[in-house]
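Beneath this line is the structure, given in structure tokens, with notes to follow.
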Amino acid sequence: MTRYRYPFLSLKATNAPVEDALAEAAARVIRSGRYVGGPECEAFERALGDMADGSIAVGTANGLDALRLIFRAFIEQGEMAPGDEVLVPAGTYIATWLAITDCGLRPVPVDTDPATLNMDTALLERLVTPRTRAILTVHLYGRVCYDDELRRVATRHGLKIVEDCAQALGARAASGRAAGALGHAAAVSFYPTKNLGALGDAGAVLTSDARLARTVRALANYGSDRRYHNVYRGLNSRLDPLQAAMLAVKLPGLAAENERRRALAAVYDSAITSPHVTLPDCTAGEAMVWHQYVVLCDTRDGLRDYLDSCGVETDIHYPAACHEQPCYADIPHGPLPVAESVARRCLSLPVGPGTSEQDAREIAEIINQYIPR
Ligand SMILES: *Cc1c(COP(=O)(O)O)cnc(C)c1O
């Protein structure tokens, strides 16, 4: 039991509405005798690919592996080599960067756009060097980061566009195209807290490139293209059928879940009037699926303590930019003032399935009473 009147996120509340269907699907897998690969995985991959505008989906063990596999595949196909550079936001979850460095590639951090809290695409052009091979765009907090400038830079310099879609499944770019179908390949995470969460770790790669999909699938299966024939020094990172079955139950509910999050964001947007907090842009429509509702506050820690004392549980995504993490102390970079400032000022409010619109109104009222000290 949580001590909070307004918990940040309850995974139990997330899965309660489909509990019976999940149990039934789990029983089906148990009785099938098929515990790696097989029809459960194939069915979910098809449903996921359809949702992403007819992409090919390859299930993986988690979202980080999905990203790693994409870069490994580009390397195996001779399109990138260790030492090459990848443009990536400084303000993202650490896994985005880990995928790059794990493949021997070099992250080149891009500062944050203060209006969207996504990568500032106006900065991309001047960061391109002869070693740049890709832009790893992150749809942070569920907001699509893909615009004409990003596409122009990628096209001009022949860069791959890779999407970190871990927080934005179900979102659509302004063009109407699905997140996950905007670049050459995309990584999805089904970590239990994501908008579509498994009951454990799971992930997927999305791409419309059949060759890349084949390479990813082989790499994820010991590098073998057929049994006992290993073309790559691969890894074992497959989606397991139990999680595929759980996800197949939940996938049809994703659109409604994203809509529910939009409604909550709209409540916060109209009800929070405190001059001490800056609200996120609420006009993005379908380009935003509100994985997090993040406000900025100059006295963030004070606001967080105050909310805590009022029974409102909050979280911080993320308290440090990636280049500020000890493991990346050696990564060269230019000034990244916005990413650093956002890390000090950001605070995530509850938007999960356990939070009602009435809760959001009450939380807004509590925030409006906040006096910085
Ligand atoms: C969750 C997340 C990942 C990693 O996914 P896992 O399934 O936890 O490995 C990568 N990038 C972002 C932006 C994420 O939020």
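Because only heavy atoms are used, hydrogens play no part in the values below, and waters and symmetry mates are left out as well, while side chains stay in. Remember, it's 1-based here, ligands and their atoms both numbered in the order they're listed.
- Other residues sharing a hydrophobic cluster with Leu242 under the 4.5 Å side-chain heavy-atom criterion for ILVMFWY residues are Val29, Tyr35.
- Counting the atoms of ligand 1 from 1 in the order shown, those under 4.0 Å from a heavy atom of Ala95 are 3 (C), 4 (C), 10 (C).
- Between Leu64 and ligand 1, a contact under 3.5 Å exists for at least one N or O pair.
- Thr215 and Gln77 form a side-chain donor-acceptor contact under 3.5 Å, judged by distance and modelled atom types alone.
- Ring planes of Phe44 and Phe190: perpendicular class, angle over 60° (limits at 30 and 60°).
- For ligand 1, the polar-atom distance check against Thr92 finds no nitrogen or oxygen pair separated by under 3.5 Å.
- Any N or O atom pair closer than 3.5 Å counts here, and Ser189 shares at least one such pair with ligand 1.
- The local environment of OH in Tyr93 is sparse, with at most 12 non-hydrogen atoms from other residues, nucleotides or ligands closer than 6.0 Å.
- Under 4.0 angstrom from ligand 1, the non-hydrogen atoms of Asp164 all belong to its side chain.
- Listed for the Asn118 side chain is a donor-acceptor partner under 3.5 Å among the backbone atoms of Arg143.
- Using a non-hydrogen distance threshold of 4.0 Å, Lys194 registers as a contact of ligand 1.
- The distance criterion of under 3.5 Å between nitrogen or oxygen atoms is not met by Ala166 with respect to ligand 1.
- Ring geometry for Tyr306 against Tyr370 counts as tilted: the plane angle lies between 30° and 60°, on a 0 to 90° scale.
- For ligand 1, the atoms sitting less than 4.0 Å from at least one non-hydrogen atom of Gly63 are 5 (O), 6 (P), 7 (O), 9 (O), numbered in the order shown with element in parentheses.
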